[in-house]
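First up is the structure itself, then whatever we jot down about it.
Keep in mind that the numbers below use all heavy atoms, side chains included, and drop hydrogens, waters and symmetry copies. Computed from a prediction, not measured in an experiment: that's the story for all the values here. Chain letters run A, B, ... following the sequence lines, proteins first and then strands; every chain starts at 1.
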There are 2 protein chains.
Amino acid sequence: MSSSPSSSSRSRDGAGTDAKASSATGRPTIRDVSRLAGVSRMTVSRVISTPDLVLPATREKVQRAIDSLGYVPDRAAGSLSSRKTGFIALMLPTLTNANFAAVAHGITEVLRERDYHLLVAYTDYDTAEEERQMRALLARRPEAIVITGALHRRSANRMLLAADIPVIEVANLPSQPIEHAIGFSNYEVGRTAARYLIAKGFTRIGALAATPGETVTDHRGEERVRGFEEELAASGLSKDYVLRHGQAPVSFSHGSDAMAALLAAHGDVEAVFAVSDMSAVGAVMECQRRGVAVPEQVSIMGFGDFEIGREINPPLTTIHVDFRALGQRTGHLLLDILATGAQERAPQRIDVGLSLVERASVKGTKSS
Amino acid sequence: MSSSPSSSSRSRDGAGTDAKASSATGRPTIRDVSRLAGVSRMTVSRVISTPDLVLPATREKVQRAIDSLGYVPDRAAGSLSSRKTGFIALMLPTLTNANFAAVAHGITEVLRERDYHLLVAYTDYDTAEEERQMRALLARRPEAIVITGALHRRSANRMLLAADIPVIEVANLPSQPIEHAIGFSNYEVGRTAARYLIAKGFTRIGALAATPGETVTDHRGEERVRGFEEELAASGLSKDYVLRHGQAPVSFSHGSDAMAALLAAHGDVEAVFAVSDMSAVGAVMECQRRGVAVPEQVSIMGFGDFEIGREINPPLTTIHVDFRALGQRTGHLLLDILATGAQERAPQRIDVGLSLVERASVKGTKSS
DNA sequence: GTGAAAGCGCTAACAC
DNA sequence: GTGTTAGCGCTTTCAC
């Protein structure tokens, strides 16, 4: 493997000057490539990032060296020097939720093309984890950060501001966004559901949500019930049928349990809005088991338009938000911001809206 | 902010010597902290990573400087120097699947404590994405890599080997693992399902799977049908009822569609194994819609033990694997390997096994 | 079109 | 206990 000295002593440094031993890790470095190709490290760097600035002959020579060594540039070293890490931070309550997973998926799809990498952190709805996760995320020097819903700790918020990177809030649309926001109003979701059920002529209208906990809270879900309750109140209807039951995250079994509890307490309930389709599906199943006909005896609707809702019998009426598209839009805004050069971009506030999907689980729908 | 010269010229360099201007990014560096605290950068570094080696008085002084500046160490710079990135790579087919999300979740839970970060990449079942994703992952110099199922491209495999880091295969248990493997045999899942249905006395037994595609293939699902078919053949039963339909990833609607197709082609089918609970649930719903009684007319079972299976009516018989625990075990093995010092650890091959969960969707179960 | 020098922000190794 | 020196593997900047 010793390179035979060339006949003339060349002034280019390539194989000669940069004669340091190869790295201890065994993984080839840019230096190994430069030596093998007989060019400087800078030329190797150019072949990788700006190949057009390199003569085709040189480029091929370098490329062969790269291939034969199986060289993969170390991005950490590159970042340190270029001050661009290629990381985008994403902070979620959980990944074990199809909608949040869809957001992450949508963002990734878009960022992938530009070689950005998503750094995902999740709090499991635990506000105490926020600060830890935020610190860990910021230590990787993301070029921007995407968060879902508001932060709930001042400390986490302070860190976020101090980081001085673009912030995008997704899947929730605060009236006063930190900077950019793409999403919809959870509060409006609740109001929309209530208005819909009221318009259908129901008067004993309930809801199924999680109990807000000390540390573990589904803030978005809670906002939905809040909107729901206020609309009920605005129409002079009772909130007695609104049930907060169990802990976040809500799931199918949450819906079954909560529905059972609601039927036990208020057997005369006519219509129910569950803050998530997961709960709504559980509620429908519970009704089936109890011989309570849906929608003849009880109408049920949910939120999220999860695939399962389309499949059950009767199909679930729900409120739809396209989370994957939300992720994709977020990805595009991100690329836009990062290309435009950081803070030049005026804060965006994009409401992707909601749509009510009428299916057969609510009485009085054409399809039911 | 100018520091007044102290009465004596001290030999410690702290505030004096390290007098370079603060960084261009605006974010404080270790140098800013050291200056403010009047100590060397090394002392700051120690306060962060090995506080016990620093005098309490010094430590507090430094901590105050850290807090007042809002300093968050740059891990990229740290990695470069220490050669420990704190990254674990995870390569999945998709995150939009509760079981894979659960694996990621389980790993994260464990690694979190040690400040390791999971770097997730997904291929969307596209084997062509493998190489790209693998390269991007390795460029971040993960200390270990976790992959689900085998890699399908030689190029990706070569890169993996060249990276020379611990490899753990999860959720699939190849007979010849690359190195470590934690999981179960998908092939056995299929055989178990077939044996179960055969033992129940059925003879016209079908399956619902995806069609293997050119680029998009659910290899794990395909292995499950393969095992299923072989067991059928071993008992001299026909494979005519085994249906490969639609594209991966399978979903609820895949199950509905496939079940409809199966009933159309072979109305006399007695029992069906769907390669995923998602499909199985879709199949049950389709039967309900068609007035085909489950399990009286057709028995249905799935794989994965998704929560929804427990909730539907009748509850779904399935094969259970605890994916979150799988993730947690993977996390612990990872910590073990990384602590033991890389390659010292003998390759582990851990079969977490399967369990058949009998519920009411198969005829002849006590509960049905 | 290519190269040399300098340095990104941190820590390993060794002084004292 | 704390400081100094010397890099980690890249890219920026500027020279030629």
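Mapping A:S82 and B:L80 onto DNA chain D by nearest heavy atom places B:L80 at the nucleotide closer to the 5' end.
Distance B:L55 CG to D:dG3 C1': 15 Å, rounded to the nearest Å. Between the P atom of C:dG1 and the NZ atom of A:K61 lies a distance of 15 Å, rounded to the nearest Å. Spacing between atom CD1 of B:I48 and atom P of C:dG9 amounts to 14 Å, rounded to whole angstrom units. Distance, A:K84 NZ to D:dC10 C1': 16 Å, rounded to whole Å. Atom CZ in A:R41 sits about 22 Å away from atom P in C:dG1, given to the nearest Å. One interatomic measurement links the two molecules: CZ of A:R27 to P of D:dG9, which rounds to 11 Å at whole-angstrom precision. Per the geometry, CZ belonging to B:R35 stands 15 Å off P belonging to D:dG3, to the nearest Å. Taking atom CZ of A:R31 as the reference point, atom C1' of D:dG9 lies 8 Å away to the nearest angstrom.
Side-chain contact between A:R112 and B:Q133: present, with at least one pair of heavy atoms (C-beta onward) separated by less than 4.5 Å.
Residue contacts shown for A:S79 are absent, as no nucleic acid heavy atom lies under 4.0 Å away. Residue contacts for A:S49: at a heavy-atom cut-off of 4.0 Å it reaches no nucleic acid atom on any strand shown.
For D:dT2, neither phosphate oxygen OP1 nor OP2 lies less than 4.0 angstrom from any side-chain nitrogen or oxygen of B:T43. For A:R83, no side-chain nitrogen or oxygen approaches OP1 or OP2 of D:dC10 to under 4.0 Å. Proximity of A:S40 to the phosphate of C:dG3: a side-chain N or O atom is located under 4.0 Å from OP1 or OP2. Side-chain nitrogen and oxygen atoms of B:T58 include at least one within less than 4.0 Å of the OP1 or OP2 phosphate oxygen of D:dT2. Distances shown here put every side-chain N or O of A:S81 at or beyond 4.0 Å from the OP1 or OP2 atom of D:dT12.
Annotation: salt bridge (Lys or Arg N to Asp or Glu O under 4.0 Å) contacts of B:E143 (sequence neighbours excluded): B:K84. B:Q348 meets the side-chain contact (heavy atoms from CB on, under 4.5 Å) test with B:H180, B:L333, B:R345, B:I350; sequence neighbours excluded. A search for side-chain contact (heavy atoms from CB on, under 4.5 Å) contacts involving A:S45 returns A:I30, A:M42, A:S49, not counting sequence neighbours. Listed by chain and number, the residues in a salt bridge (Lys or Arg N to Asp or Glu O under 4.0 Å) with A:E131 are A:R135 (sequence neighbours excluded). Residues meeting the side-chain contact (heavy atoms from CB on, under 4.5 Å) test with B:V54, sequence neighbours left out: B:T43, B:R46, B:V47, B:T58, B:R59. Partners of A:E60 according to the salt bridge (Lys or Arg N to Asp or Glu O under 4.0 Å) rule, which considers only residues two or more places apart in sequence or in another chain, do not exist here. For A:A162, there are no side-chain contact (heavy atoms from CB on, under 4.5 Å) partners at least two apart in sequence or on another chain. Not counting sequence neighbours, A:D126 has no partner by the side-chain hydrogen bond (donor to acceptor under 3.5 Å, both in side chains) test.
In this structure, A:T148 contributes its side chain and A:M91 its backbone to a donor-acceptor pair below 3.5 Å. With hydrogens and angles disregarded, a donor-acceptor distance shorter than 3.5 Å links the side chain of B:E169 to the backbone of B:I178.
A heavy atom closer than 4.0 Å to some atom of DNA chain C occurs in no member of residues 136-143 of chain B. Shown for residues 65-76 of chain A: no residue has heavy atoms falling under 4.0 angstrom of DNA chain C.
Each end of the helix from C:dG1-D:dC16 to C:dC16-D:dG1 gets its own rotation axis from five pairs of C1' atoms, and the angle between them is 30° to the nearest 10 degrees.
Residue pairs meeting the side-chain hydrogen bond (donor to acceptor under 3.5 Å, both in side chains) criterion with at least one partner in residues 63-76 of chain B, sequence neighbours excluded, are B:Q63-B:D67.
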